[in-house]
Amino acid sequence: MKLPSILIAVVFSVWSAGSLLAARPILCCDYGGGHVTILSATGEIEWQVEAKNPQDCWQMPNGNILFAYVGGAKEVTRDQKIVWEYKAPEKVECHACQPLPNGHVLVVECGTSRIVEVDRAGKIAKEIKLVTAASVKLHNQFRGTRKTADGHYLVCFKGESKIVELDGDGKVLREVPVAGDPHEVVPLPNKNLLITCGDGHKVVEVDPTGKTVWELNENDLPGNTLRLMAGCHRLPNGNTIFANYLGHGHLGEQPQFFEITTDKKVVWTFEDKGRFKTINQIMALDDKGDVTKGEVLR
């Protein structure tokens, strides 16, 4: 099926001896557009569900879609049936979720300042309190939050420009200062952290000592100025897909997400001004790792 060019533009780049790489099937959150979507490799919408300000998303091993939205988190089947849901308290914002090996779901809450692990009945099985600066209010408290294989928690303290690692009981183990307002932290197999820096207009990879070992800066990619750097997915081949959130005055100006190599070569970009507004999270669906076991790096 050939898509109308006025609706979609999937831009491919030639790299590495002139080979042409196709785009990948993608799961994405459109924060401003209010929906979670599965796109085919050719840009067709294969599945879509409405959600208020979705911020994080996962394809589960059974094919269901788990996502966080401003009021909590849901797991939805391909035929739109809600099979699990957690509703956060009033006056709370949820900006991250993660499926855990025991079937529970991690959710981070701005407002209550806590991480909760929710069981399949929708009940809180574990709570970790987070301590934030008094000056940092509701919306600016937290973004990406991940539980690691060793039971630790990594939390983006958005308004305090730092990543905080806590142990399984909530004790602070370390703080990693970063530029801007971090939106995602991804623990890598080599123990480094991949961090997107929001309106800091950059991405960094830091080693266990906090030293930056790789970075992507605002103007490193011609035609793909880094705006608010949000979600990302490190692929098995070493490439990374980044969501370039185009809110804050940049709506419709450029591609909404792109894949790059470690040496900062653009593999392909995606831009669809007609159907999407502010894409802030992505997952490549051809990565066949088990998300519940931490095998998908996002």
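These values consider heavy atoms only, across backbone and side chains, with no hydrogens, waters or symmetry-generated copies.
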Exam field: side chain [X] to backbone [Y], donor-acceptor pair closer than 3.5 Å:
| X | Y | answer |
| --- | --- | --- |
| Trp84 | Asp119 | yes |
| Ser161 | Gly180 | yes |
| Lys158 | Asp181 | no |
| Thr196 | Gly198 | no |
| Thr132 | Gln141 | no |
| Lys81 | Arg78 | no |
| Lys264 | Glu215 | yes |
| Thr145 | Arg143 | yes |
| Asn244 | Thr225 | yes |
| Asp287 | Gly289 | yes |

May I ask you to test the [X]-[Y] pair for a side-chain heavy-atom distance under 4.5 Å?
| X | Y | answer |
| --- | --- | --- |
| Asn224 | Val266 | yes |
| Trp47 | Val36 | yes |
| Ile195 | Val203 | no |
| Val70 | Cys94 | no |
| Tyr245 | Ile279 | no |
| Lys147 | Leu100 | yes |
| Ile163 | Cys156 | yes |
| Ile260 | Leu221 | yes |

In Å and rounded to the nearest 0.5 Å, what is the [atom1] to [atom2] distance from [X] to [Y]?
| X | Y | atom1 | atom2 | result |
| --- | --- | --- | --- | --- |
| Leu166 | Ile115 | CG | CD1 | 6.0 Å |
| Ile282 | Leu39 | CD1 | CG | 11.5 Å |
| Leu188 | Asn190 | CG | CG | 5.5 Å |
| Asp220 | His201 | CG | NE2 | 13.5 Å |
| Asn237 | Leu235 | CG | CG | 5.5 Å |
| Ile38 | Glu44 | CD1 | CD | 13.5 Å |

Mark yes when over 12 heavy atoms from residues, nucleotides or ligands other than [X] sit less than 6.0 Å from its [atom1]; otherwise mark no.
| X | atom1 | result |
| --- | --- | --- |
| Glu50 | CD | no |
| Gln80 | CD | yes |
| Lys211 | NZ | no |

Just do the side chain to side chain contact (heavy atoms under 4.5 Å, CB included) check on Cys197 and Met229 with the steps written out, would you? CA-CA 6 Å; Cys197 298; Met229 297 308 292; 5.8 Å; no
Distance to the ring centre below 6.0 angstrom and angle to the axis at most 45 degrees; does that hold for Arg298 and Trp58?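 Yes, cation above the ring, under 6.0 Å and within 45°.
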Tell me whether Lys74 forms a cation-pi arrangement with Tyr69, defined as NZ or CZ under 6.0 Å from the six-membered ring centre and within 45 degrees of its axis. yes
Would you call [X]-[Y] a salt bridge at under 4.0 Å N-O?
| X | Y | answer |
| --- | --- | --- |
| Glu253 | Arg227 | yes |
| Glu205 | Arg234 | yes |
| Arg24 | Glu259 | yes |
| Lys162 | Glu160 | yes |
| Arg120 | Glu75 | yes |

Decide whether [X] and [Y] are clustered together by the hydrophobic rule: side chain heavy atoms of Ile, Leu, Val, Met, Phe, Trp, Tyr closer than 4.5 Å, transitively.
| X | Y | answer |
| --- | --- | --- |
| Leu173 | Leu154 | no |
| Val176 | Trp214 | no |
| Phe142 | Val172 | yes |
| Phe157 | Ile128 | yes |
| Ile82 | Val105 | yes |

Whether the [X] and [Y] side chains hold a donor-acceptor pair (N or O, under 3.5 Å, no angle test) is what I'd like checked.
| X | Y | result |
| --- | --- | --- |
| Asn280 | Gln55 | yes |
| His152 | Glu165 | yes |
| His35 | Gln48 | yes |
| Asp199 | His248 | yes |
| Asp56 | His95 | no |

Considering all heavy atoms of both residues, which atom of [X] and which atom of [Y] are nearest to each other, and what is their separation?
| X | Y | answer |
| --- | --- | --- |
| Pro187 | Leu297 | O-CD2, 3.9 Å |
| Glu184 | Cys232 | CG-SG, 4.1 Å |
| Val291 | Met283 | CG1-CE, 3.6 Å |
| Tyr153 | Asp167 | CD1-O, 3.5 Å |
| Val107 | Ala73 | CG2-CB, 4.1 Å |
| Cys28 | Phe276 | SG-CE2, 4.0 Å |

Testing Phe258, Phe242, Phe257 one by one against Phe270 for a ring-ring contact (aromatic ring centres under 6.0 Å, His included), which residue passes?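 Passing option: Phe257.
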